[in-house]
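Accompanying notes for the structure given below.
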Amino acid sequence: MATTEISYLRNELEIRRQRLLAASSQQATDGALRQLLDSVDAALLRIDNGTFGICEQCHDSIEADRLLCDPLVRFCLDHLSREEQRALEDDLQMAARIQRTLLPRADWAIDGWRARYHYQPANMVSGDYCDLIELEDAFLFLLGDVAGKGVAASMLMSHLHATFRTLAEQHLPLPALMQHANRLFCESTAAGQYATMIVGCASSDGRVEYVSAGHLPLLHLSTSEVQSHDATGVPLGMFSSSHFPTCRVKLEAGDKLLLFTDGLTETTNGAGCEYGLSRLKALATAHVNAQPQELLSACLQEARSFSADAKQADDLTVMVLHRTN
Ligand SMILES: [Zn+2]
């Protein structure tokens, strides 16, 4: 832990100590207050003797973000007491439930379009973002990947969800929507936090306008071929003044768009080799006429057999948009 953080925490502990002393002088018999005061004194002592922030079980560093939230913690995440572990698991399960409610309907369809997707966190919660927002005579599709994994990334994911849901109500043109979302994301997140994203607007006549903020290619499957469309701008949250050039594609009846996060293409096999974009393109080419659910299942099945069912290392999201007529 940095010296500035330690001195900040020492100051915090001194303030809490004064508060506890004031409270316990009024309620002299409160054992819980006494116990807390002892814990605060012990933490101050650990700062003085240089053992603050060291796990008492494994002697490794305790996670800095946890210490900043609670300077009294004495064990790293791997060595929590059973009670602490249960509380943490409950919190994570609740977070996972909330995250699932933010996803679009599994059988999503509107006039001329339907969508199928697969959303799979590597652990309890995901840093991937996946949404479909209906507008008048059009809809927005959004798929993104927040840098990092786990709880911190999942919090940014729900932040993105709220930002885009709110901005979508303003009926802004796509470049303006992205610029606003980017600025809000920059202003409300710490340095080094960013997200790659594809945001598109699809009309009922098959016209699609999209921006790709540093995200992996968007694949367009038509009856004869698969076209790959690369990113058009830098990730969201990197520079508050970013502009996001717009691209256009036209989908005929039966055409599909395939969107995915790196949990799919960066799946590795036993030799450490990545599944990669060229294998995915070959698979898409073999499935240009498949139904969306079929295409989705084929992607997942191939990635799974490529990795020989190894534990999923990264959050994984795949979305198929199908122009039906
Ligand atoms: Zn430990």
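As the structure lists them, so they are numbered: ligands from 1, and atoms in each ligand from 1. None of these values were measured; they are calculated from a predicted model.
Few gaps surround CZ on Arg66; more than 12 heavy atoms of other groups in view lie less than 6.0 Å from it.
Formation of a donor-acceptor pair under 3.5 Å by the Lys256 side chain with backbone atoms of Val288 is found in this model.
For the Zn ion (ligand 1), the nearest N, O or S atom contributed by His79 is named ND1.
Vertex the Zn ion (ligand 1); arms to Cys55 atom SG and Cys76 atom SG; angle 120° (nearest 10°).
Phe141 has its ring centre no less than 6.0 Å from the ring centre of Trp113.
A salt bridge is absent between Arg116 and Asp107; no separation between the charged side-chain nitrogens and carboxylate oxygens falls under 4.0 Å.
His59 lies apart from the Zn ion (ligand 1) in this respect, since none of its N, O or S atoms is found at a distance under 2.8 Å.
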